[in-house]
Each structure stands twice: as structure tokens, then as C-alpha cells.
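To keep things clear, I will list the structure first and then write my remarks on it.
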Amino acid sequence: MDRIETRTLQDLDAAHHLHPFNDNAALAKKGTRILTRGEGVYVWDAEGHKLLDAFAGLWCVNLGYGRTELGQVAARQMTELAYYNSFFQCTTEPAIRLAAKLAELAPGDLNHVFFTNSGSEANDTILRLVRHFWAVQDQPRKNIFIGRHDGYHGTTMGGASLGGMKGMHKQGGLPIPDIHHIDPPYWFGDGGELDLEEYGLVAARRLEDKILELGPERVAAFIGEPIMGAIGVYIPPRSYWPEIECICRKYDVLLVADEVICGFGRTGEWFGSQTFDFRPDVMAIAKGITSGYIPLGAAMFNDRVAGVLKQQGGELAHGCTYSGHPVCTAVALENLRLLQDEGIVERARTEIAPYLAERWQALGEHRLVGEARIAGLMGALELVPDRTKRSYFEDRGKVGALCRDIALRHGLILRATNDAMLLSPPLVITRAQVDELFEKAWVALNETAEALGK
Ligand SMILES: *Cc1c(COP(=O)(O)O)cnc(C)c1O
């Protein structure tokens, strides 16, 4: 490709490209940042700025940028067989091998894989197939999914309905019928006088109340992210998930873990359910499965659910043209091989997570921070007007955005949701790079506080 001037590209972008989760009018005026290159934990933009990407793209570049092995595998597969479907009693070797690999990595008897292109489609798949699972067992009315307010499960009609983002529900007539929500476990905002573990039980029992309100014979499944990512890295108390599991078992409600962010090492274990000690019946995966190098998602089912779908489900009237795409599944296999063979998940847990936690907690001492929370390589800093109590800025989101922009000027990418600064670096980050992250974040907090006159 011939190089085009950044300014020209920005004009073309403003004229023709609608950006997801953006005010497109405001963005067109400001001009997009164009990223051009990545290496390890760093990316470079068209202006030549080097940025430490402490957000791993969008929670996904677990392996870090610039691994040539993945490109080589993709090129080889494209040359040999670029595409074949899995519909007509056919499939391809990478799809088979990846399904088997995922069954090996996944906890418990989550042994069955349905491939999609994204996390949203994985959750839509789960919504349909779980309802079908109950319907073929003569329980068609057991079709309600319970999710959580402020949860995020993607952007399709099903995914956005399962999620509890109010701003998303406002657009396009959501949620679709037979989806209900309970309040999330968010101690900082909601814990009151309760201690953390007590609060975890209280938050979990909201599920039991909701099941009893709707009638257990109506409730198909509960879905949740082990750690709620998009809303601001809400890390549940340890007591939460085991209690949720108990409640699901008691009423024969399927437990669905949306592991799209937590999966593949983000929390220090391969899956968030391992970190938080519960056994899902079904899980959604995407993002880290390919470290973002190519799109891929999947729904995984345990023996019970897959057994019913296979024995009684008849023809599955569901699928994507690219389900099990050979190039995407080949790249995923190579990504998982590298994560495993190079001990990246293990190293993230034993070497990086404890050090990162120590530095992150030190950021929590800053006068602008009300709470620093972190689990594995996923964290948040709640920026507050008054750190002597759990408080919020009046105009929520402004201070977070300010801090994010200041950090960027210092070469650090953090995400802001409301006034929480979110952390999710590539798993390959080194201790020296953690130090760099810490120093840049501290400067950004200082300058943000100064801008607020604090
Ligand atoms: C990103 C995300 C999704 C949606 O995945 P897409 O690939 O963007 O469709 C679903 N669930 C969670 C928890 C996510 O973070």
C-alpha cells in the first residue's frame, strides 16, 4: 500500500467510517488516532508516538504484539486451504484440533465446542442452545436467562440483552423478552457497612430471590462474567461465585460463565472460574483465544448439556459461515501453543501478578484514588473526590476521561469507564515494564489531581 498522509486518512475516516462505542460527530472533529505497529506491550501511532498498551488492545492481546509465528501459520493455512465450512458433514483439521485442545484446557467436563466469530455470537449461541436444551426435555417454558445490571455480554440483540448496560438497552429496543437482571457484586459502590465476604453472599442471594420471584421452572440459566470487565473491573468477593453455584444447583438453573475477558490467563489461571472456584455448565470464550490476532469465539458445553443437544436436539438450526474457520482456528492453536509452551500464563500468575498487584496497590495510595482493585492481570483504580469515604465525582466520567488523555500524552494507554482507570496489560509484560507503567500512571494521577485543583 502507498502511504497516505495521516491527515488525509483522518478525513477519510471521518467521512466514511462509523466507529463503535463512539460519539461519531465529536470524533470526526477531533480526528482518530491511527495505530501502525506493535511489538510486545508497545504500539506506535501514525505520529510516531510509542505507547505502552496497558489495556492489551481491548482486553485481548494476551500474547503481546508482533509474534511472527501467528502470521506464518495464517499464511500457510490460507495458501493450503483458505476456507471450508463445517455445515455439510465436513470440517477441517485445525477446527478439530482446536476443539480437542479447548476440551483439554477447559475445566471440568466442558468438553464440547461450538465455534463462532466473536464473543457476542458465542453468547447468542448459548442463549439459543440452552433454551433448546430445556425445550427438547419438555420444558419450553424454562427459557428465562438472568444476567446482571451493568454486565457486558457483547453487542448483538442477544448479547446486549443478556448484558445490563442501560445505554445499550436504550438503542434498538432491548432487552428482548425473557431476560432479567439482578444487581452486580460491587462492594465499592454497594457494600455499605458489610464486610467484603458477607457482602458477597448478600449479592449472590439476589439470584435466589430472582429465581423464586420468577419461578424455578421458568429459569433456564444464569450468566455472568467471573470479573465484570467493561463496567469497571468489578472483582467479586471470594464468597460470591461458590454461593451462586450452590443456588444454580439447588434450582437446576444452568450456570454460564462469560469468560471472553477472563479466559486464557487474564486472571492468572487459564479461566476465571478456576480463580473464583466454581464449575460452569457452559462458557463463552473469544478475545484471548487468538490474542486478538484474528477474530474467533466459541461456546463450550459440558457433557450433560452437549449430551442432550446431541441425543435429543435433532438438527441444530444454528451456525455461522465461518464456524470453525480453518485460518482462525489454526491461529488460535498456535496462540495457545505459545501461551502454553512458553509458560506465559504460569509466569503471569507466579511472577507478574504479585508484582503488578504490589505496584497497583501503591497507586491506590494516591490522593485521587478511593480503591485499587486487582486480580491477576486485571485491575481498576476508582478515582474519587474524597478518599476518606467511598465517593463519586458529580459529573461521572469526566475525570476518568481526563486522566486517560493525560496518561496517553505520557505514552500510557489505560481505559476509563466512568471514573475508574482500567488495567489489562498483555500477559508478557515484564517487571521493568510494570515499573514504567507505574511511573507513567503516577504522573497521570498527579497531573489529573492538579488539573482538578487538588
Ligand atoms: C468483549 C466481550 C464480549 C463480546 O465479544 P465480541 O467479540 O466483542 O463480540 C462478550 N463478553 C464479554 C465479557 C466481553 O468482554
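Since the structure is predicted, the reported quantities are computational estimates derived from the model, not experimental observations. Along the sequence shown, the residues carry numbers beginning at 1. Atom set for the values below is all heavy atoms of this structure, side chains included, hydrogens, waters and symmetry mates excluded.
Here the OG-CZ distance, from Ser86 to Phe114, works out to 9.0 Å after rounding to the nearest 0.5 Å. Atoms CZ and CH2, from Phe276 and Trp241 in turn, are 9.5 Å apart once rounded to the nearest 0.5 Å. Distance check, rounded to the nearest 0.5 Å: CE of Met300 to CD1 of Ile285 gives 5.5 Å. To the nearest 0.5 angstrom, Arg349 atom CZ is 11.5 Å from Leu427 atom CG. Expressed to the nearest 0.5 Å, how far CG of Leu52 lies from CD1 of Ile413 amounts to 8.0 Å. Atom OH of residue Tyr240 and atom OH of residue Tyr199 lie 8.5 Å apart, to the nearest 0.5 angstrom.
Evaluation of the side chain to side chain donor-acceptor pair (under 3.5 Å) test over residues 308-318, restricted to residues two or more places apart or in two chains, returns Thr125-His318, Arg128-His318. Counting only residues at least two apart or on different chains, the salt bridge (Lys or Arg N to Asp or Glu O under 4.0 Å) pairs with a member in residues 318-345 are Arg67-Glu342, Glu334-Arg337, Arg337-Asp341. Judged as a salt bridge (Lys or Arg N to Asp or Glu O under 4.0 Å), the pairs with a partner in residues 281-290 (not counting sequence neighbours) are, in order, Arg249-Asp281. For residues 31-44, every residue pair satisfying the salt bridge (Lys or Arg N to Asp or Glu O under 4.0 Å) rule, not counting sequence neighbours, is listed here: Arg33-Asp45. Pairs passing the ring-ring contact (aromatic ring centres under 6.0 Å, His included) check and including a residue from residues 36-82, sequence neighbours excluded, read Phe55-Trp59. Note on residues 409-422: pairs passing side chain to side chain donor-acceptor pair (under 3.5 Å), not counting sequence neighbours, are His410-Glu447.
For Val428, the side chain to side chain contact (heavy atoms under 4.5 Å, CB included) partners two or more places apart in sequence, or in a different chain, are Val41, Ile344, Pro426. Under the side chain to side chain contact (heavy atoms under 4.5 Å, CB included) criterion, Asn335 pairs with Leu63, Leu70, Ser291, Leu339, sequence neighbours left out. Shown here are the side chain to side chain contact (heavy atoms under 4.5 Å, CB included) partners of Ser120, two or more places apart in sequence or in another chain: Ser118, Thr155, Thr156. Taking the side chain to side chain contact (heavy atoms under 4.5 Å, CB included) definition, one finds that Arg76 meets it with Val73, sequence neighbours left out.
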Only distances under 3.5 Å count here; give the side-chain donor-acceptor pairs of residues 97-105 to other protein atoms, sequence neighbours excluded, each with its distance to 0.1 Å.
unit_1: Lys101; atom_1: NZ; unit_2: Glu104; atom_2: OE2; d: 3.2
unit_1: Lys101; atom_1: NZ; unit_2: Gln340; atom_2: OE1; d: 2.7

Donor-acceptor contacts, no H, no angles, side chain residues 356-365, under 3.5 Å, sequence neighbours left out:
unit_1: Arg359; atom_1: NH1; unit_2: Asp435; atom_2: OD1; d: 2.8
unit_1: Trp360; atom_1: NE1; unit_2: Arg373; atom_2: O; d: 3.2
unit_1: Trp360; atom_1: NE1; unit_2: Ala380; atom_2: O; d: 3.1

(request) Kindly indicate, with the supporting measurements, whether the criterion side chain to side chain contact (heavy atoms under 4.5 Å, CB included) is fulfilled by Leu423 and Val233. (result) CA-CA 8 Å; Leu423 171 79; Val233 185; over 6 Å; no

(request) I would like to know whether Val443 and Leu412 meet side chain to side chain contact (heavy atoms under 4.5 Å, CB included); could you show each step before the answer? (result) CA-CA 10 Å; Val443 170; Leu412 175 65; over 6 Å; no

(request) Please assess Glu225 against Asp258 for the test side chain to side chain contact (heavy atoms under 4.5 Å, CB included), listing each intermediate value before the final yes or no. (result) CA-CA 5 Å; Glu225 308 153 75; Asp258 182 341; 4.3 Å; yes

(request) Walk me through it: do Ile211 and Phe222 pass the test side chain to side chain contact (heavy atoms under 4.5 Å, CB included)? (result) CA-CA 10 Å; Ile211 291 172; Phe222 172 72; over 6 Å; no

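Within the 4.5 Å cutoff, the side chain of Pro236 has heavy atoms near those of the Ile227 side chain. Looking at heavy atoms from C-beta onward, Met228 lies in side-chain contact with Pro185 at the 4.5 angstrom threshold. Contact check for Leu381 versus Leu414: no side-chain heavy atoms found under the 4.5 Å cut-off. Taking the side chain as every heavy atom from C-beta outward, Asp277 and Arg238 never approach each other to under 4.5 Å. A 4.5 Å side-chain heavy-atom check between Tyr83 and His325 finds at least one atom pair inside the cut-off. Side-chain contact between Phe264 and Ile289: present, with at least one pair of heavy atoms (C-beta onward) separated by less than 4.5 Å. Leu162 is not listed as a side-chain neighbour of Ile126, based on a closest heavy-atom distance of 4.5 Å or more. Side-chain contact between Phe188 and Val384: present, with at least one pair of heavy atoms (C-beta onward) separated by less than 4.5 Å.
At distances below 3.5 Å, at least one donor-acceptor pair connects side-chain atoms of Gln433 with backbone N or O atoms of Thr430. Formation of a donor-acceptor pair under 3.5 Å by the Asp150 side chain with backbone atoms of Ile231 is not found in this model. Asp124 contributes a side-chain N or O that, together with a main-chain N or O of Gly159, makes up a donor-acceptor pair within less than 3.5 Å. Asp195 places a side-chain N or O within donor-acceptor distance of the main-chain N or O of Glu197, the cut-off being under 3.5 Å. In terms of modelled atom types and a separation under 3.5 Å, the side chain of Gln10 and the main chain of Thr32 share a donor-acceptor contact. The main-chain N or O of Gly66 is found under 3.5 Å from a side-chain atom of Tyr293 such that the two form a donor-acceptor pair. The main-chain N or O of Ser161 is found under 3.5 Å from a side-chain atom of His181 such that the two form a donor-acceptor pair. Panel note: side chain Thr290, backbone Ala332; no donor-acceptor pair is recorded below 3.5 Å. Of the possible donor and acceptor atoms, one in the side chain of His169 sits under 3.5 Å from a partner among the backbone N and O of Gly163. A donor-acceptor pair is defined here as one N or O able to donate and one able to accept, closer than 3.5 Å; no such pair exists between the side chain of Glu436 and the backbone of Ala432.
Under the 4.0 Å criterion applied to side-chain N and carboxylate O atoms, Arg148 and Asp190 are not assigned as salt-bridge partners.
Taking both residues in full, the closest heavy atoms of Ala230 and Ile261 are given as N-CD1, 4.5 Å, listed atom of the first, atom of the second, then distance. The shortest heavy-atom contact between Leu110 and Met283 is CD1-SD, 3.9 Å. Closest non-hydrogen pair, Leu81 versus Pro326, comes out as O-CG, 3.9 Å. Residue Val256 comes nearest to Ala221 through the heavy atom pair CG2-CB, 4.0 Å, listed as atom of the first residue, atom of the second, then distance. Taking every heavy atom of both residues into account, Leu383 and Cys403 meet most closely at CD1-CB, 3.9 Å. Shortest non-hydrogen contact noted between Leu9 and Ile4 is CD1-O, 3.8 Å.
Between Phe115 and Tyr322, the distance from one ring center to the other does not fall under 6.0 angstrom.
For the 3.5 Å distance criterion, the side chains of Asp303 and His112 qualify, holding a donor opposite an acceptor. Using modelled atom types and a 3.5 Å distance limit, the side chains of His19 and Asp13 yield a donor-acceptor pair.
Enclosure of atom CZ in Arg279 is not indicated, since only 12 or fewer non-hydrogen atoms of other residues, nucleotides or ligands lie within 6.0 angstrom.
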